[in-house]
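Residue numbers start at 1 and run along the sequence shown. Indexing begins at 1, ligand by ligand and atom by atom, following the structure's order.
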Amino acid sequence: MTAGLRELREIAARLGDVPAYVYDLAALDAHAARIRAATSGIELYYAVKANPDPAILRTLEPYVDGFEVSSGGEFDHVSALFPGKRLAFGGPGKTASDLARTPYRFHVESPRELDLLESGDVLLRVNLRTETETEGAALAMSGPFGMDPAMVAQCRARPGKARIRGVHAHLASGLDAPALTTLAEMIVGHARPGEEVCVGGGMAVDYTDPANLFDWEAYGAGLRGLGREIVRIEPGRAMTAYCGWYLTKVLDVKRVHGELFAVLTGGTHHLRTPVTKGHDQPFTVFGSGGHEEEVTLVGQLCTPKDVFARRVGAALAPGDVVAFAMAGAYAYNISHHDFLMHPKPEFHYVSGMP
Ligand SMILES: *Cc1c(COP(=O)(O)O)cnc(C)c1O
């Protein structure tokens, strides 16, 4: 058993009626080190919106060239933690106060935004029709984000007071290394010679199989193969998803109209990930064991949407602890904490130290 799992078991043994998040910082450190090594020669920024917890950011900081922030709030949070660290400020709908901040790079979302900037270094965010340009390979993130090629041309024709340093795109999420490399080749086609290219995040995380990790080595090689001087990536989910656990206790097990339910402390107001992504959250049970049955795991909220996992095999009894895995990204911080006024979870940070 790894040190992280041993500590998880100890926290599970002490868990009361308030659920707990456990962040395995040792596992995160090792994961980040592997990503850094696999993507040598490529600039690595972490997309803070995936999880802005200060302990997580401190663990990642030595491995990343910078942080990608998507609001004035994230900008201020990260600037206070790491003065002088490079920040890329993206996100649609920037206010005048957002545009008055001084990041290393702004990711400009429209010609109007570029006009409003009084100074600074910018990447133009391009929005490409990935469905057609990659023959159906990619899940499109088009919508209102960034600019189509005509709008990019408009920016280049009148750059105003800011300096255009290159292009940025974040076109799809949940893609494997070959598909993301194909997208990167497409994005590079919109940059001028010598310009920086930021190709975004979106590296796949497989919630049905936590062991099926994104192939960082292949992606690093693919990006180096672009032959550009400055290529930047900004992963979020695939960096921090694996380090988080959400621990909750079984309160009740009952069969309603033939369907077996386990009712757990907490709910999707703490861990909204399975609802937002439409998956069954993987989990480990610390319990008395017994015979496995098909069961639906729900929380304490008065809504039928409060489901962690549907009709999965598990042996559960009141008092058992369920540790949901892969709860380190778009988990606590994307959840609606105040709905129903249940207590907030506890937070534990384990470092694998004996
Ligand atoms: C959310 C986001 C990311 C990170 O995406 P992941 O799927 O978490 O890797 C990167 N860049 C931009 C612009 C984003 O909005």
Below the 3.5 angstrom mark, is there an N/O of Gly236, backbone or side chain, next to an N/O of ligand 1?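 Right, the criterion is met.
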Can a donor-acceptor pair be found, under 3.5 Å and without considering hydrogens, that links the side chain of Glu109 to the backbone of Gly146?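 It does hold such a pair.
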Relative to ligand 1, is Ala47 under 4.0 angstrom through side chain, backbone, both or neither, heavy atoms considered?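 Ala47 to ligand 1: side-chain contact only, backbone stays beyond 4.0 Å.
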Side chain or backbone of Glu68 under 4.0 Å from ligand 1, or both, or neither, by non-hydrogen atoms?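 Near ligand 1, Glu68 shows its side chain, while the N, CA, C and O stay back.
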Which of the ligand 1 atoms, numbered from 1, are nearer than 4.0 Å to a heavy atom of [X]:
X: His168; answer: 13 (C)
X: Gly202; answer: 5 (O), 6 (P), 7 (O), 9 (O)
X: Arg237; answer: 6 (P), 8 (O), 9 (O)
X: Tyr330; answer: 1 (C), 4 (C), 5 (O), 6 (P), 8 (O)
X: Gly201; answer: 9 (O), 10 (C)
X: Pro235; answer: 9 (O)

Does a side chain donor of either Asp29 or Tyr63 reach within less than 3.5 Å of an acceptor in the other side chain?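 Indeed, the side chains of Asp29 and Tyr63 share at least one donor-acceptor pair under 3.5 Å.
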Do His269 and Gln300 get their side chains close enough for a donor-acceptor pair, meaning under 3.5 Å?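 No pair is found: no donor N or O on one side chain lies under 3.5 Å from an acceptor on the other.
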Between Thr95 and Asp98, does the side chain to side chain donor-acceptor pair (under 3.5 Å) criterion hold? Intermediate values first, please. CA-CA 5 Å; Thr95 63; Asp98 293 338; 3.3 Å; yes
Over 60° means perpendicular and under 30° means parallel, so classify the ring planes of Phe214 and Tyr219, tilted if in between.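 Aromatic pair Tyr219/Phe214 classed perpendicular.
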Which label fits Phe347 and Tyr332: parallel for a plane angle under 30°, tilted from 30 to 60°, or perpendicular past 60°?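 Rings of Phe347 and Tyr332: perpendicular, over 60°.
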As a test of understanding, state which of Arg156, Arg105, Arg228 forms a salt bridge (charged side-chain N to carboxylate O under 4.0 Å, His left out) with Glu195.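 Checked Arg156, Arg105, Arg228 against Glu195; only one passes salt bridge (charged side-chain N to carboxylate O under 4.0 Å, His left out): Arg156.
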